[in-house]
Amino acid sequence: CHVLVWLLIILFSVTKDSLVDAETNIYTKREGEDITVRCNLTFSGSRKLLCKETCEEGNILIETYRDEAQRGRYSIKYEYRYIRSSILDVTITKLIKSDSGLYRCELQKDLSPDSEDNFKIIITEGEFDPQNHENISL
Ligand SMILES: *[C@@H]1O[C@H](CO)[C@@H](O)[C@H](O)[C@H]1NC(C)=O
């Protein structure tokens with residue numbers, strides 16, 4: 001019985017660790033498809049940013065004070081939710097292989113902390129499903 005309890009404790013802590021690692025949501029899409037990801041932000045803010053990896057010069061894909069903005073294949077739609085919360089829907093169309101990677105949504109407001117959310121996109125080959133391909137080559 002003791003052994004079982006220990007086993008459960010170990011199992012639980014392992015599961016818990018992997019959940020912490022998976023805190024960043026990962027979305028898998030195929031080349032050519034569109035994706036919409038909802039960023040969950042704790043604070044409302046007036047300056048909205050969509051960035052690749054970090055919001056530094058050169059990594060900023062969209063920067064706007066409006067609630068909706070589009071730039072090339074990227075677009076964002078901001079929606080104010082409750083008093084201290086809001087969402088930002090990010091859409092990327094016609095995905096290409098190099099769209100793979102980490103993205104960041106950020107809200108900035110004077111005199112209050114920035115709010116941010118991260119997600120990761122993995123783009124797989126568009127022409128065939130890897131699993132089907134394996135079946136074909138067998
Ligand atoms: C935001 O919350 C929604 C609903 O809980 C969830 O589906 C989505 O993956 C979250 N977005 C991110 C980027 O974590």
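Numbers here are sequence positions counted from 1. Hydrogens, waters and symmetry mates are skipped; everything else that's a heavy atom, side chains included, is used. Just so you know, ligand 1 is whichever comes first in the structure, and atom 1 is the first atom listed for that ligand.
- Under the 3.5 Å distance criterion, with hydrogens and angles disregarded, a donor-acceptor pair is assigned to the side chains of Glu106 and Gln108.
- Side-chain atoms of Asp34 and Thr93 form no donor-acceptor pair, as typed in the model, at a separation below 3.5 Å.
- Relative ring orientation between Tyr27 and Phe119 is described as perpendicular, the plane-to-plane angle rising above 60° on a 0-90° scale split at 30° and 60°.
- Nearest to atom 11 (N) of ligand 1 among the protein's heavy atoms is Arg38 O, 2.5 Å.
- Under the 4.0 Å distance rule, the nearest protein heavy atom to atom 5 (O) of ligand 1 falls outside the cut-off.
- In this structure, Tyr27 counts as a contact residue of ligand 1, since one of its heavy atoms falls inside 4.0 Å of the ligand.
- A salt bridge links Arg73 with Asp99: the distance from a Lys NZ or Arg NE/NH1/NH2 to an Asp or Glu carboxylate oxygen falls below 4.0 Å.
- For atom 3 (C) of ligand 1, the nearest protein heavy atom (residue, atom name, distance) is Asn40 ND2, 3.8 Å.
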Check your understanding: Could you walk me through whether Thr64 and Ile76 pass the side chain to side chain contact (heavy atoms under 4.5 Å, CB included) check?
Key -> CA-CA 9 Å; Thr64 186; Ile76 57 167; 3.7 Å; yes
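- For atom 13 (C) of ligand 1, a protein heavy-atom neighbour is present inside the 4.0 Å cut-off.
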